[in-house]
Amino acid sequence: MQVSGNNNPLLYYKLAYELKESQTKVFEAQPTVVRDLVTFSEDITNIKSVEDLMKNRIVLNMVLSAFQLESEIDKPAMVEKILTESPTDDESLVNRLVEPRWTKLAEALYPLNNDPDFFQKQENVDAILTGYKTNEYEKFQGENADGVREAMYFKRLAGGIETVTQIIADKAIMKVVRVGLGLPESFQALSYDQQLERLERMIDVEDFQDTEKIDEMIDRFLIFTQINNNDPTANPMLSLFQPIGNGEFVGPAPIQIDFSV
């Protein structure tokens, strides 16, 4: 059973992994999940083209969810354009967006345009189901406390980060890094070049190859998320993390290069 609230996102994040087996069973027993999986299994082999996919809202939503794009379900023209234009074409919409989730979707699904048996291949079906279940499980856990979903997403993908531009391009990863570094929401109002220059001074991307430093960043993100969602007077410990005097940061002065405090 999900518990709403923002009391301790770090605790809920850790429980999501420690109790994953039992929590996964609860997640998969939800009526909407059961319905989606049944519909998917019944309809997927009948989808022979992008046009077919666009006509089946439940399956389309599951495909989009597999790439964390389910919120875009009501933009059919945009979705169809991305699915039907070659991701290798520099002028295609997906390459103008420069958004990793859309890029991954386009690269994965473009073969459907030329292969009516695309979803007859089990590896393609399994890839969608795995992505859908992973994303929806993270959303399910995110209902417990703000930041949990983003933290789980970050944990899963942070090891693939090689450049600061990748961080800026992914909104969820950027949020974890920004909050984890103690940067205010107004940081997003800076120009792209200003954000890039600032982050390149503060981050060593090699740290993303170190699981301990990834975990440290997640812990900082979740602690600062809790601070932003709670009255610090209710917990004296939170007062240790209050904004510094000039109001520029939401936590302690951000670290330079190393993720650790």
Side-chain angles (χ1 to χ4, degrees), residues 2 4 27-87 89 91-116 118-119 124-154 156-157 166 168-176 178 185 188-189 192:
Q2 295 299 91
S4 298
F27 158 69
E28 293 186 348
Q30 294 180 106
T32 54
V33 175
V34 172
R35 179 209 65 185
D36 286 354
L37 293 175
V38 169
T39 300
F40 187 87
S41 65
E42 292 175 346
D43 294 357
I44 192 62
T45 55
N46 295 321
I47 293 177
K48 309 290 187 180
S49 65
V50 171
E51 183 180 4
D52 291 341
L53 178 60
M54 298 302 300
K55 291 177 179 178
N56 191 316
R57 186 176 177 87
I58 290 179
V59 174
L60 176 61
N61 187 70
M62 292 180 69
V63 168
L64 292 175
S65 177
F67 297 89
Q68 298 82 46
L69 289 165
E70 67 279 6
S71 63
E72 310 298 324
I73 186 69
D74 292 319
K75 300 177 182 176
M78 177 179 176
V79 173
E80 186 170 9
K81 187 172 179 63
I82 288 174
L83 291 177
T84 54
E85 292 183 339
S86 172
D89 181 355
E91 298 302 314
S92 65
L93 176 58
V94 72
N95 285 319
R96 284 183 278 129
L97 289 174
V98 194
E99 214 286 355
R101 295 174 300 166
W102 285 115
T103 300
K104 291 175 183 177
L105 173 71
E107 291 175 345
L109 271 293
Y110 183 70
L112 179 60
N113 289 279
N114 304 306
D115 183 5
F118 180 81
F119 283 123
N124 294 332
V125 173
D126 289 345
I128 297 301
L129 284 175
T130 298
Y132 164 80
K133 289 180 179 180
T134 299
N135 181 49
E136 294 299 324
Y137 179 72
E138 290 173 358
K139 285 169 59 179
F140 174 75
Q141 292 298 333
E143 293 174 7
N144 283 321
D146 288 347
V148 173
R149 181 186 182 187
E150 291 89 345
M152 295 181 74
Y153 177 85
F154 182 84
R156 181 160 52 86
L157 297 180
Q166 287 177 279
I168 298 175
D170 190 306
K171 292 180 181 179
I173 288 177
M174 180 62 177
K175 180 177 180 180
V176 173
R178 177 182 65 77
E185 197 167 340
Q188 300 171 102
Y192 177 88

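Environment of CD in Glu51: sparse, with no more than 12 heavy atoms of neighbouring residues, nucleotides or ligands closer than 6.0 Å.
Atom CD of Glu99 and atom CD1 of Ile82 lie 9.0 Å apart (nearest 0.5 Å). Here the straight-line distance linking atom CG of Leu93 with atom CG of Leu97 works out to 4.5 Å at 0.5 Å rounding. Separating the CE atom in Met54 from the CD1 atom in Ile47 is a distance of 11.0 Å, to the nearest 0.5 Å.
Using a distance-only test at 3.5 Å, with no hydrogens or angles considered, a donor-acceptor pair links the side chain of Gln188 to the main chain of Glu185. Under the 3.5 Å distance criterion, the side-chain polar atoms of Gln141 are left unmatched by any main-chain donor or acceptor of Glu138. Asp52 places a side-chain N or O within 3.5 Å of a backbone atom of Lys48 that can act as its donor or acceptor partner. No donor-acceptor pair closer than 3.5 Å links the side chain of Asn61 to the backbone N or O of Ile58. The backbone N or O of Gln68 lies less than 3.5 Å from a partner atom in the side chain of Arg101, making a donor-acceptor pair.
Annotation: side chain of Ile44 is not in contact with side chain of Asn56 (no heavy-atom distance under 4.5 Å). Phe119 is listed as a side-chain neighbour of Val125, based on a closest heavy-atom distance under 4.5 Å. No side-chain heavy atom of Phe67 sits under 4.5 Å from any side-chain heavy atom of Glu72. The shortest side-chain heavy-atom distance between Val79 and Leu109 does not fall under the 4.5 Å cut-off. Residues Asn135 and Arg149 have side chains in contact (heavy-atom distance under 4.5 Å, counting atoms from C-beta outward). Contact annotation: the side chain of Val33 never approaches that of Phe140 to less than 4.5 Å [non-hydrogen atoms, C-beta and beyond].
Remark: Lys139 engages Glu136 in a salt bridge, criterion side-chain N to carboxylate O under 4.0 Å. Remark: Arg57 engages Asp74 in a salt bridge, criterion side-chain N to carboxylate O under 4.0 Å.
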(request) Quick one: do Met62 and Leu129 satisfy side-chain contact (heavy atoms from CB on, under 4.5 Å)? Show the steps, please. (result) CA-CA 8 Å; Met62 292 180 69; Leu129 284 175; 4.3 Å; yes

(message) Pair Phe118, Asn113 - check side-chain contact (heavy atoms from CB on, under 4.5 Å), show working.
(response) CA-CA 9 Å; Phe118 180 81; Asn113 289 279; over 6 Å; no

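Minimum heavy-atom separation, Lys133 to Leu37: CE-CD2, 4.1 Å.
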